[in-house]
Amino acid sequence: MPASRRAMIPPPTALIEAPVPAPIREVVARLRELNHAVYLVGGCVRDILRGVPPKDFDVATSAFPEEVQKAFRKVIPTGLQHGTVTVLAGQEHVEVTTFRSEGDYHDGRRPNTVTFERDITKDLSRRDFTINAMAWDPLGLQFVDPFGGRHDLDARLIRCVGSALARFSEDGLRPLRAVRFAAVLGFTLDAETQAAIPQTLPVFRKVSLERVREEFVKLLMSPRAEMGLELLASTGLLEVFLPELAGVDAEAARLARATAAAAPAELEVRLAALLADVVDGAGAEAICVRLKFPTKVAERVRLLVSLAALEQHLESEPPALRRLLARVGPAQLEALLEVARARFEVRLASRRGDFERLQARLRDVAAGKPPLSPKELALNGGAIMAALGVGPSPLVGQATRFLMEWVLDEPSRNTAESLREALEAWKKTQGA
Ligand code: ATP
Ligand code: MG
């Protein structure tokens, strides 16, 4: 649309009235003062228009990176070759990126060349979806929306800028982003955009699993995770990075999605709820490692998945509950209960009352702070060796395990005196 016609459309009130943080305003004002075009772009414009406070504000400008650097006292050359300069405005870091267009993509991941541009529309045309391709100049009160982003926002549609097939063939991450935005925003995929996903799966396969994981986490943590997971499955994306889940039968997959969505939005809890009935603990850890989750996350998910089947403990006596608590660790009990609660809600609804009772009993046991690990025993390693009359040896380990089990059976036994007596008796059974 020519600039003259564009200017005739009054800018949306939401944008005019949106509070723009002072540091952002100052950066925009400074660049305008130097006669550069400057806009807020992308996610922040989208979020203001849908009435949600933006997470961050991205600034785009016609000024070239050297010009941006010269315009401010304190800058960090964050990604000069991509045109990004971080301006330090007070305590705030403001990312300022030069308008750019992208050359051909040859590997499905990155453009071969990036060209700096003086025209905002060129910059908007390289962006992924129409709702992410709007710009707003908060001082000049200019709204730029060349691809109908505002219309699609109202229609709640995720639609590619230009040909979906071409855009997904350039960058294989975009199909996953489309599904992620649909889930996070509760929008529908435009038909052409959706149809292009199965056709461009070979490009999606080339994307690094770190980038896939970042988008997948946003989808999984969204309030519409269930719908997002379903869309991942039906488009074929899931098969590429989570074949374990894509491979189960339709009913098992539906239950897994529902269980994930029933769990609170805490990363490891949702992952464990999703995977608990699909793979075992080791399998869940392997998936997390493959998707490049931090080791801590992978280990926590393994633990939660391996112990998730709390229905096995509905009839358990206190010693068994203490052993369970020793395995999960008191610090992880609430997370395990969340995973188990989601599984009961979705899969074992008729036994929810039994789960509530188990939960209360487990919490009671934990509140009593019974000794659960060898370091909590009333005899330490040295004292055990002395009582046995031996130096460091495998016997000490065996004795410690014996004492631990004996105390898990009855925590009141955890006194130095009782443990020494128990050791005496145990020694005899060992023929020592
Ligand atoms: P969020 O609120 O989730 O951060 P966002 O729109 O800010 O949403 P980002 O991933 O932070 O999303 O990207 C910022 C902007 O950069 C997007 O709005 C979009 O215009 C553009 N963009 C990001 N990734 C791509 C991509 N793979 N292809 C094209 N444009 C992209
Ligand atoms: Mg963002």
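Indexing begins at 1, ligand by ligand and atom by atom, following the structure's order. These values consider heavy atoms only, across backbone and side chains, with no hydrogens, waters or symmetry-generated copies.
The nearest heavy-atom contact from the protein to atom 5 (P) of ligand 1 is Arg46 NH1, 3.7 Å. For atom 27 (N) of ligand 1, the nearest non-hydrogen atom of the protein is Asp171 OD2, 2.8 Å. Residue, atom and distance of the protein heavy atom nearest to atom 7 (O) of ligand 1 are Gly43 CA, 3.8 Å. Ranking protein heavy atoms by distance to atom 30 (N) of ligand 1, first place goes to Asp128 N, 3.1 Å. Closest protein heavy atom to atom 14 (C) of ligand 1: Asp58 OD2, 4.2 Å.
In this structure, a donor-acceptor pair under 3.5 Å is present between the side chains of Glu117 and Ser101.
When Arg211, Arg110, Arg127, Arg177 are checked for heavy-atom proximity to atom 13 (O) of ligand 1, Arg177 turns out nearest. Closest heavy-atom approach to atom 3 (O) of ligand 1 within the set Glu95, Arg180, Glu170: this belongs to Arg180.
No more than 12 heavy atoms of other residues, nucleotides or ligands sit less than 6.0 Å from atom NZ of Lys70.
Ring-plane geometry between Phe216 and Phe241 is classed as perpendicular, the angle between the planes exceeding 60 degrees on a 0 to 90 degree scale with a lower cut at 30. Classification of the Phe64-Phe116 ring pair by plane angle, with boundaries at 30° and 60°, yields tilted.
In this structure, Arg211 pairs ionically with Asp171, as a charged nitrogen and a carboxylate oxygen lie closer than 4.0 Å. The residues Asp137 and Arg32 are annotated as salt-bridged, a charged nitrogen and a carboxylate oxygen being separated by less than 4.0 angstrom. Salt bridge absent: Asp47 and Lys55 never bring a charged side-chain N and a carboxylate O closer than 4.0 Å. A salt bridge does not link Glu410 with Arg413: every distance from a Lys NZ or Arg NE/NH1/NH2 to an Asp or Glu carboxylate oxygen is 4.0 Å or more.
Side chain of Arg224 to backbone of Val184: a donor-acceptor contact under 3.5 angstrom is found.
Only the backbone of Arg126 comes within 4.0 Å of ligand 1, judged by heavy-atom distances. Only the side chain of Phe181 comes within 4.0 Å of ligand 1, judged by heavy-atom distances.
Residue Gly42 approaches ligand 1 through these ligand atoms, each under 4.0 Å from one of its heavy atoms: 18 (O). Close approach of ligand 1 to Lys218 is summarised as follows: ligand atoms under 4.0 Å from at least one heavy atom of the residue are 3 (O). The atoms of ligand 1 that sit less than 4.0 Å from any heavy atom of Lys55 are 1 (P), 2 (O), 3 (O), 4 (O). Less than 4.0 angstrom separates some heavy atom of Arg174 from each of these atoms of ligand 1: 26 (C), 27 (N), 28 (N), 29 (C).
In this structure, atom 11 (O) of ligand 1 has its sub-4.0 angstrom surroundings free of protein heavy atoms.
Between Asp47 and ligand 1, a contact under 3.5 Å exists for no N or O pair.
Residues that satisfy the side chain to side chain donor-acceptor pair (under 3.5 Å) test with Glu239, not counting sequence neighbours, are absent from this structure.
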